[in-house]
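Quick note: numbers below take in every heavy atom, side chains included, and nothing from hydrogens, waters or symmetry partners. Please read these numbers as outputs of a predicted model, since none were measured by experiment.
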Amino acid sequence: MINTAKLAMIPEIFTELTITAITKIETTDLLDNFALCPIPLSIYKQRFRGFNQSLIITKIIAQQFKLPIDNLLFKNNFMKQQKKLDKQARQTNIQNAFRLINNQALPKSVLLIDDVTTTGATFKSATKIFKQAGIEQVWCLALAQD
């Protein structure tokens with residue numbers, strides 16, 4: 001049985017490392033006009049896991065830099081897990097994975113946050129939705145690359 005309490009601590013540890021790195025390279029002023037947006041899990045995955053590691057990461061960064069969190073995206077259910085697919089299948093699988101929750105009062109810039117990226121397909125799909133909605137800048141941050 002997986003100990004979800006210990007598993008939930010992993011994003012916090014990596015997030016602290018990310019905050020330290022951002023602070024050291026003095027790029028925090030770039031984040032002043034951004035809303036933070038975690039990559040969402042499907043409702044099924046959220047219920048199964050009990051937490052969203054991207055949201056945990058986002059909350060810690062938001063607290064550290066006093067930035068707003070904007071849960072702008074909804075993830076559709078019944079998709080295959082990206083980690084089990086090859087590069088081409090990931091691109092196809094994620095194409096219509098996201099939709100905006102609300103089109104009103106969108107920020108001009110968004111920092112998308114995820115725990116791991118492999119091919120960048122998730123970031124590309126979410127960015128496409130944001131650009132179509134009129135968001136001017138989309139930045140992406142993943143704590144690790146697989």
Side-chain angles (χ1 to χ4, degrees), residues 1-19 21-22 27-28 30-146:
M1 178 99 185
I2 296 174
N3 184 336
T4 57
K6 286 185 179 180
L7 193 59
M9 290 174 47
I10 292 171
E12 291 182 35
I13 294 166
F14 284 117
T15 303
E16 289 297 325
L17 294 172
T18 301
I19 289 168
I22 289 171
T27 58
T28 55
L30 294 175
L31 302 178
D32 288 344
N33 297 318
F34 288 12
L36 304 178
C37 179
I39 293 291
L41 295 175
S42 67
I43 293 170
Y44 170 78
K45 185 74 148 212
Q46 176 77 35
R47 285 184 188 151
F48 176 77
R49 187 176 288 164
F51 64 94
N52 178 349
Q53 64 279 12
S54 297
L55 179 58
I56 294 168
I57 295 164
T58 303
K59 285 180 178 180
I60 295 168
I61 294 172
Q63 181 181 15
Q64 178 71 25
F65 296 106
K66 296 175 181 37
L67 293 169
I69 297 174
D70 222 337
N71 291 306
L72 299 167
L73 294 174
F74 176 82
K75 187 169 184 183
N76 299 321
N77 288 322
F78 308 115
M79 296 180 48
K80 295 177 183 173
Q81 286 187 342
Q82 289 287 90
K83 69 181 180 182
K84 295 182 178 181
L85 304 174
D86 64 27
K87 183 177 181 176
Q88 182 61 40
R90 287 173 192 243
Q91 301 289 337
T92 304
N93 186 53
I94 201 83
Q95 279 180 346
N96 298 310
F98 302 108
R99 65 178 167 82
L100 283 177
I101 291 175
N102 187 349
N103 279 11
Q104 299 174 359
L106 293 173
K108 289 184 181 179
S109 300
V110 170
L111 176 60
L112 270 171
I113 300 174
D114 205 354
D115 60 339
V116 178
T117 186
T118 303
T119 63
T122 299
F123 281 141
K124 288 177 190 174
S125 179
T127 298
K128 181 180 176 184
I129 298 296
F130 285 152
K131 291 292 189 171
Q132 289 173 343
I135 293 176
E136 294 173 17
Q137 292 184 350
V138 180
W139 296 75
C140 301
L141 173 69
L143 290 182
Q145 183 174 11
D146 184 16

Gap separating the [atom1] atom of [X] from the [atom2] atom of [Y], nearest 0.5 angstrom:
X      : Y      : atom1 : atom2 : answer
Leu36  : Ile61  : CG    : CD1   : 7.0 Å
Cys140 : Ile113 : SG    : CD1   : 10.0 Å
Leu55  : Asp114 : CG    : CG    : 11.5 Å
Asn52  : Lys59  : CG    : NZ    : 9.0 Å
Leu143 : Ser54  : CG    : OG    : 8.5 Å
Phe98  : Ile39  : CZ    : CD1   : 4.5 Å

Point to revise | Non-neighbouring partners of Asp70 that pass side-chain hydrogen bond (donor to acceptor under 3.5 Å, both in side chains), sequence neighbours left out | key: none
Check your understanding: Got a sec, which residues hit side-chain hydrogen bond (donor to acceptor under 3.5 Å, both in side chains) with Gln63, two or more places apart in sequence or on another chain?
Key ->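 Partners of Gln63 under the side-chain hydrogen bond (donor to acceptor under 3.5 Å, both in side chains) test: none.
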Review point. Step by step, would you call Leu141 with Ile57 a side-chain contact (heavy atoms from CB on, under 4.5 Å)?
Key: CA-CA 10 Å; Leu141 173 69; Ile57 295 164; 5.6 Å; no
Side-chain heavy atoms of [X] within contact of [Y], under 4.5 Å:
X      : Y      : result
Asn71  : Pro40  : no
Leu72  : Pro107 : yes
Leu111 : Leu67  : no

Review point. Distance-only, no hydrogens or angles: does the Asn76 side chain make a donor-acceptor pair with backbone N or O of Ala97 under 3.5 Å?
Key: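 Between the backbone of Ala97 and the side chain of Asn76 there is a qualifying donor-acceptor contact (under 3.5 Å).
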Exercise for review: For Gln88, look at atom CD and say whether over 12 heavy atoms of other residues, nucleotides or ligands are found less than 6.0 Å away.
Suggested key: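 No.
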Review point. How would you list, by chain and number, every residue that makes a side-chain contact (heavy atoms from CB on, under 4.5 Å) with Glu136, sequence neighbours excluded?
Key: Lys108
For residues 116-127, run the donor-acceptor check on the side chains, cut-off 3.5 Å, and write out each pair with its distance to 0.1 Å, sequence neighbours left out.
unit_1 : atom_1 : unit_2 : atom_2 : d
Thr117 : OG1    : Gly120 : N      : 3.4
Thr118 : OG1    : Arg90  : NH1    : 3.4
Thr119 : OG1    : Ala121 : N      : 3.3
Ser125 : OG     : Ile94  : O      : 2.7
Thr127 : OG1    : Phe123 : O      : 2.7

Revision key, fill the gap. Heavy atoms of Ile135 and Lys131 approach each other most closely as O-CD, 3.5 Å
Practice item. Provide the closest heavy-atom pair for Ile101 versus Leu73 in the form atom of the first, atom of the second, distance. Key: CD1-O, 3.3 Å
